[in-house]
Number of protein chains: 2
Amino acid sequence: MSDELLRSLDQAGVRLTGPRREIAALIAKRNGHFTAADLIADASKRRLGVGRATIFRLLDLLAEQGLVERVDLPDGRHAYVPCEPSHHHHLVCVACGAIAEVEDCGIDAVTAEASRRSGFTIESHRLELFGRCPNCRSAN
Amino acid sequence: MSDELLRSLDQAGVRLTGPRREIAALIAKRNGHFTAADLIADASKRRLGVGRATIFRLLDLLAEQGLVERVDLPDGRHAYVPCEPSHHHHLVCVACGAIAEVEDCGIDAVTAEASRRSGFTIESHRLELFGRCPNCRSAN
DNA sequence: CACACAATGAGACCAAGTATCAATACCCCG
DNA sequence: CGGGGTATTGATACTTGGTCTCATTGTGTG
Ligand SMILES: [Mn+2]
Ligand SMILES: [Mn+2]
Ligand SMILES: [Zn+2]
Ligand SMILES: [Zn+2]
């Protein structure tokens, strides 16, 4: 359901407009990761009259709130995945696009070690894991 | 020096052309990460007559050989950093762009744990660490 | 219910990257 | 050493992803 997204947006003090509700519904209906282009296609297929810019604007908003996160696919595309606002990482199925979230599982030790070796202060990190989900593994 | 890059390209059986030599020299002269646009600017400043497409083409080639690696900056830009062809990760200074490389330091344990929890088979991963290098930390 | 102002969509615009293609330049081979 | 087959080149057009502007509309608030 898109209610979750809308509620969080409301909380953040942004206006709950018609276009935003419709785009939120499109996002809720997707599974796995999606690109801005996907949403634009969805919207035009359903003849919702929402403008291209509005979709980009909402994605930015959602990303700011941490309700959606940007994933840089290995092929260079920019995709989004709906997710919890807390820090975590994504496993991306290269076959079907399914996403799993994984919370801290030892990354802090890695960054601490890297910091020690390099002398850098580490402020943030990004970890993306690519592979095959249980379904796609068995299906081949 | 750009000789390193050129030698590796030669080894890989690609032709050592004039434009490629010039672009390799531009890359060697940079420090930290750089974007395709940076190189294009460098080239046009020096009135080398190399075409835009040729720069993109060489970057692809170098990336294939692992002589250069793509880093997705947090702001969405695609940057490149010259590096060893062996697997490793990058620390990127958000202030000056300096890069440090760090080899395996515990990441395999993390991916194994993530795989166990999620049921995914993991084929590849990408880890990028962002922070401040020793210079930039003290300089503020 | 009115009003101030956030948000919208149309469209122009920009930047990054790709495709095409005739002209050129490597480099291999005799 | 010269050709000559072929990989590479640059110009140019095109596509795609994203931003900017601005007049118009729609929301939330009081
Ligand atoms: Mn990217
Ligand atoms: Mn690694
Ligand atoms: Zn899958
Ligand atoms: Zn620095």
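Given the structure is predicted, the values throughout are model-derived calculations rather than measurements. Labels below follow one simple rule: chain letters A, B, ... track the order of the sequence lines, proteins then strands, and each chain is numbered from 1.
B:F56 has its CZ atom 15 Å from the P atom of D:dA11, to the nearest Å. Rounding to whole angstrom units, CZ of residue B:R52 and P of D:dA11 are separated by 12 Å. If you take CD1 of B:I55 and C1' of D:dT9, they are 12 Å apart, rounded to a whole angstrom. In this entry the distance linking CZ of A:R77 with P of D:dG17 reads 9 Å, nearest Å.
A 4.0 Å heavy-atom criterion places the boundary nucleotides of DNA chain C facing chain A at C:dC5 to C:dG9, written 5' to 3'.
One distance of note links CZ of A:F120 with NE2 of B:H90; it measures 11.0 Å at 0.5 Å rounding.
Ion pairing between A:D10 and A:R15 fails under the 4.0 Å rule for side-chain N and carboxylate O. In this structure, B:D42 pairs ionically with B:R30, as a charged nitrogen and a carboxylate oxygen lie closer than 4.0 Å.
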> Does the salt bridge (charged side-chain N to carboxylate O under 4.0 Å, His left out) test come out yes or no for B:R77 and B:D72, once each step is laid out?
Replying inline: CA-CA 6 Å; B:R77 275 150 60 221; B:D72 291 303; over 6 Å; no
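Residue A:A12 comes nearest to A:Q65 through the heavy atom pair CB-OE1, 3.4 Å, listed as atom of the first residue, atom of the second, then distance. Shortest non-hydrogen contact noted between A:L67 and A:P85 is CD2-CG, 4.4 Å. The two residues B:H33 and B:L73 come nearest to each other via the heavy atoms CE1-CD2, 3.9 Å. Among all heavy-atom pairs drawn from B:I122 and B:T111, the shortest one is CD1-O, 3.4 Å.
Of the residues in residues 37-47 of chain A, not one comes within less than 4.0 Å of DNA chain C through any heavy atom.
The phosphate of D:dT9 (OP1 or OP2) has a side-chain N or O of B:R20 nearer than 4.0 angstrom. Look at A:H78 and you won't find any side-chain N or O under 4.0 angstrom from OP1 or OP2 of D:dT16.
Positionally, the nearest nucleotide of DNA chain C for A:A53 lies more toward the 5' end than for the other of A:A53 and B:A36.
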>> Please encode protein proximity along nucleotides 22-29 of chain D as a string of B, S and -, counting only heavy-atom distances under 4.0 Å.
In response: ----BBS-
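Using the six-membered ring where Trp is involved, B:H125 and B:H89 have ring planes that are tilted, between 30° and 60° apart.
Residue B:V68 is tested with B:L5, B:L62, B:L58 for a side chain to side chain contact (heavy atoms under 4.5 Å, CB included); the sole match is B:L62.
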